[in-house]
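Since the structure comes first, as structure tokens, the remarks are kept for the end.
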Amino acid sequence: MNQPVARRALLALAAGALLPPAVAQAPAAPLRLALIEGLSGPFANAGEAVFRNLQWAVERVNARGGVALPGGRRPLALVRFDSKGQAEEALALLRSAIDQRIGFVLQGNSSAVAAALIDALNKHNERDPARRAILLNYSAVDPSLTNERCSPWHFRFDAHADMRLAALVEVLRSDREVRRLYLINQDYSFGQHVARQARAMIAAARPDIEIVGDELHPLGRVKDFLPYATKIRASGAQAVLTGNWGNDLTQLVRAVRDLGESLKFYTFYGNALGAPAAIGEAGVGRVLAVAEWHPNVSGAASQAFYAEFRRRFPDPRDDYVHARMQLMIEMLAAAIERAGSAEPLAVAQALSGLSHDGATLGGVHRGTMRAADHQLQQSLVVSVMDRAGRPGVAHDVEGSGFGFRTVRTFSADEVAQPHACRMTWPG
């Protein structure tokens, strides 16, 4: 080889060493998930609890290599959008997410916001099928979202209000100490539905129970619940049933405690976000909650699942883990793999009717996404507050010294509810 040719060969080799790796070796672009949630404002604690759960779920999928697609595995990436809990803000953020070509939207901490997002997605997906998106709902439990508002683009992973009420009322049926009950709920679609449906279910299950109060209060705007607590005391109620969540629940139970009342609380969400610490010793044996799982559910799988969460988030203030949110991300990953595509319509079709055995969660939770209405069918557990260390209460909540023990477990079939959905798919 003559010298000019040799020099050109060496220069080419040197230049090649400076080039970026081959495209095949480049990290795969992540599949982005848009979390549109109130991450500031009066319910920021609930929003941040959601973020921790979903971040942990995403990390678990990515730890096993991401989602398997024909072109190779792709990681998930969670993108935060702070709606401040407002529907108009959430709609603006939905447009932003779609403009960024994000096809998977996650939201839950308001049924009113969820309804607005469903309506917006229905219109957008019909108008712009090249940029479709689907909504994965982990907490918005107004039953209308999977009944008259049902949509092929919406999937609910939480048990809706009637499913939760069915479990609570069945436990209330056998609680013969309670004959006078007070209803108090947040004044928006979800709280209004809980008040109406609780009356109907209680009348059927326990016609001897007298409803001595039925109160709706502004969502997230009450700073002092003492006037409400005073009304509850004056009514002579022996128990309160409430769908309140976040600070509205914590402040309510604190106000009742400060009056020295020892009422029973039948709640949707009384097992976290400060409520156990707020009510303290007065809640032992008297505060009940319903969920798909709680940290003191027995069994090795449940204990291993909770131990892993606490290793990831050791601060007691971060102690609010939801099995359904973990299952949601696992089922999304499974649907993408089943579809062989991240295109939202293909994923929606794969997710509709999909069952997950919980194997990727160590068997801790399972469910089936009912194809007829996109409502996850899953078991529920009613639990009651007790001191940590008592039988069945190995773990406390948020370092409060109080945890929850199982009262009764309901199978998916026992809490399943009829639906009025008429699903219309594109085409």
Side-chain angles (χ1 to χ4, degrees), residues 141 143 157-179 181 183 194 197-209 238-245 249 253 263-272 275-276 279 283-303 305-306 320-324 327 358 363-368 375-397 402-418:
V141 297
F157 291 82
D158 199 352
H160 67 56
D162 291 358
M163 299 166 73
R164 286 174 174 263
L165 272 173
L168 282 177
V169 171
E170 189 58 32
V171 173
L172 180 60
R173 183 198 295 272
S174 60
D175 188 350
R176 292 294 163 178
E177 291 182 5
V178 176
R179 293 185 177 274
L181 182 71
L183 304 177
V194 170
Q197 192 66 9
R199 277 185 172 273
M201 286 188 172
I202 291 166
R206 284 284 307 277
D208 60 305
I209 288 181
Q238 298 159 313
V240 172
L241 190 151
T242 181
N244 277 21
W245 55 277
L249 176 62
V253 296
L263 304 175
K264 283 190 174 177
F265 274 85
Y266 281 80
T267 77
F268 281 32
Y269 307 110
N271 55 344
I279 201 165
V284 171
R286 307 194 72 79
V287 174
L288 294 94
V290 59
E292 75 283 353
W293 174 89
H294 67 90
N296 291 311
V297 166
S298 61
S302 178
Q303 296 309 301
F305 172 77
Y306 184 60
Y320 196 20
V321 57
H322 300 280
R324 68 179 184 273
L327 188 69
V364 75
H365 195 48
R366 64 191 64 201
T368 296
Q375 171 62 59
L376 188 73
Q377 303 300 299
Q378 61 189 316
S379 59
L380 291 177
V381 184
V382 175
S383 58
V384 66
M385 187 169 156
D386 207 341
R387 299 179 192 87
R390 289 275 187 90
V393 194
H395 307 289
D396 71 352
V397 175
F402 302 97
F404 283 74
R405 58 177 167 80
T406 298
V407 172
R408 184 169 170 184
T409 300
F410 295 86
S411 70
D413 288 342
E414 287 178 301
V415 293
Q417 300 291 308

query: Do the side chain of Thr267 and the main chain of Leu288 share a donor and acceptor less than 3.5 angstrom apart?
result: yes

message: For Ala203, give me all partners under side chain to side chain contact (heavy atoms under 4.5 Å, CB included), at least two apart in sequence or on another chain.
response: none

message: If the test is side chain to side chain contact (heavy atoms under 4.5 Å, CB included), which one of Leu241, Leu183, Thr242 qualifies with Val194?
response: Leu241

message: Restricting to non-hydrogen atoms, name the atom on Val397 and the atom on Ala272 that form the minimum distance, rounded to 0.1 Å.
response: CG1-CA, 4.1 Å

- prompt: Under the salt bridge (Lys or Arg N to Asp or Glu O under 4.0 Å) rule, what pairs show up with a residue in residues 283-296, not counting sequence neighbours?
  reply: Glu292-Arg324

message: Treating Asn296 as the side-chain partner and His395 as the backbone partner, does any N or O pair qualify as donor plus acceptor under 3.5 Å?
response: yes

message: With a 3.5 Å distance limit and no angle check, can you tell me whether Arg164 reaches the backbone of Val290 through a side-chain donor-acceptor pair?
response: yes

- prompt: Can you name the closest pair of heavy atoms from Leu380 and Ala159 and give their distance?
  reply: CD2-CB, 3.8 Å

query: What residues, two or more places apart in sequence or in another chain, satisfy ring pair (Phe, Tyr, Trp, His ring centres under 6.0 Å) together with Tyr266?
result: none

task: Name all residues meeting the side-chain hydrogen bond (donor to acceptor under 3.5 Å, both in side chains) criterion together with Trp293; count only those two or more places apart in sequence or in a different chain, and write none if there are none.
output: Ser302

Ile279/Val287 under side-chain contact (heavy atoms from CB on, under 4.5 Å): CA gap, chis, key distance, verdict: CA-CA 9 Å; Ile279 201 165; Val287 174; 3.6 Å; yes

Heavy-atom pair of closest approach, residues Ala289 and Gly270: CB-N, 4.0 Å

query: How long is the gap from CZ on Arg408 to OG on Ser383, to the nearest 0.5 Å?
result: 14.0 Å

Side chains of Phe404 and Pro276 in contact at under 4.5 Å (non-hydrogen atoms): yes

message: Applying side chain to side chain contact (heavy atoms under 4.5 Å, CB included), can you list everything that pairs with Ser411, at least two apart in sequence or on another chain?
response: Asp413, Glu414

- request: Spell out, as yes or no, whether a donor-acceptor pair under 3.5 Å connects the side chain of Gln417 to the backbone of Pro143.
  value: no

field: By salt bridge (Lys or Arg N to Asp or Glu O under 4.0 Å) - contacts of Asp208 (at least two apart)
entry: Arg176, Arg179, Arg206

message: My understanding is that only residues two or more places apart in sequence, or in another chain, count here; which of them pass side-chain hydrogen bond (donor to acceptor under 3.5 Å, both in side chains) with Asp162?
response: His193

query: Please, which pairs that meet salt bridge (Lys or Arg N to Asp or Glu O under 4.0 Å) have at least one residue in residues 375-387, sequence neighbours excluded?
result: Glu281-Arg387, Asp386-Arg390, Asp386-Arg405

task: Calculate, to the nearest 0.5 Å, the distance between atoms CG and NE2 belonging to Leu376 and His160 respectively.
output: 11.0 Å

- request: Using the test side-chain hydrogen bond (donor to acceptor under 3.5 Å, both in side chains), find all partners of Tyr269 that sit at least two apart in sequence or belong to another chain.
  value: none

- request: Show your working on side-chain contact (heavy atoms from CB on, under 4.5 Å) between Val364 and Tyr306 and close with a plain yes or no.
  value: CA-CA 10 Å; Val364 75; Tyr306 184 60; over 6 Å; no

task: Scan Asn244, Asp158, Leu249, Leu168 and name whichever one has a side chain to side chain contact (heavy atoms under 4.5 Å, CB included) with Phe268.
output: Leu168

message: Taking side-chain hydrogen bond (donor to acceptor under 3.5 Å, both in side chains) as the definition, give me every residue that meets it alongside Thr409, ordered by chain and number, with sequence neighbours left out.
response: none

- prompt: Measuring from Lys264:NZ to Leu181:CG, what's the distance to the nearest 0.5 Å?
  reply: 11.5 Å

query: Leu327 and Gly367: which non-hydrogen atoms are nearest, and at how many Å?
result: CD2-N, 3.9 Å

message: Please give me the minimum heavy-atom distance between Thr406 and His294, naming the atom from each residue.
response: OG1-NE2, 2.8 Å

- prompt: What residues, two or more places apart in sequence or in another chain, satisfy ring pair (Phe, Tyr, Trp, His ring centres under 6.0 Å) together with His365?
  reply: none

- prompt: How many angstroms lie between CD in Glu170 and CG in Asp175, if you round to the nearest 0.5 Å?
  reply: 12.5 Å

- request: Without swapping roles, check the side chain of Gln377 against the backbone of Gln375 for a donor-acceptor pair under 3.5 Å.
  value: yes

task: Nearest 0.5 Å please: distance from the CZ atom of Phe402 over to the CG atom of Asp396.
output: 9.5 Å

task: Locate the shortest heavy-atom distance separating Met201 from Leu165; write the atom from each residue and the value.
output: SD-CB, 3.6 Å

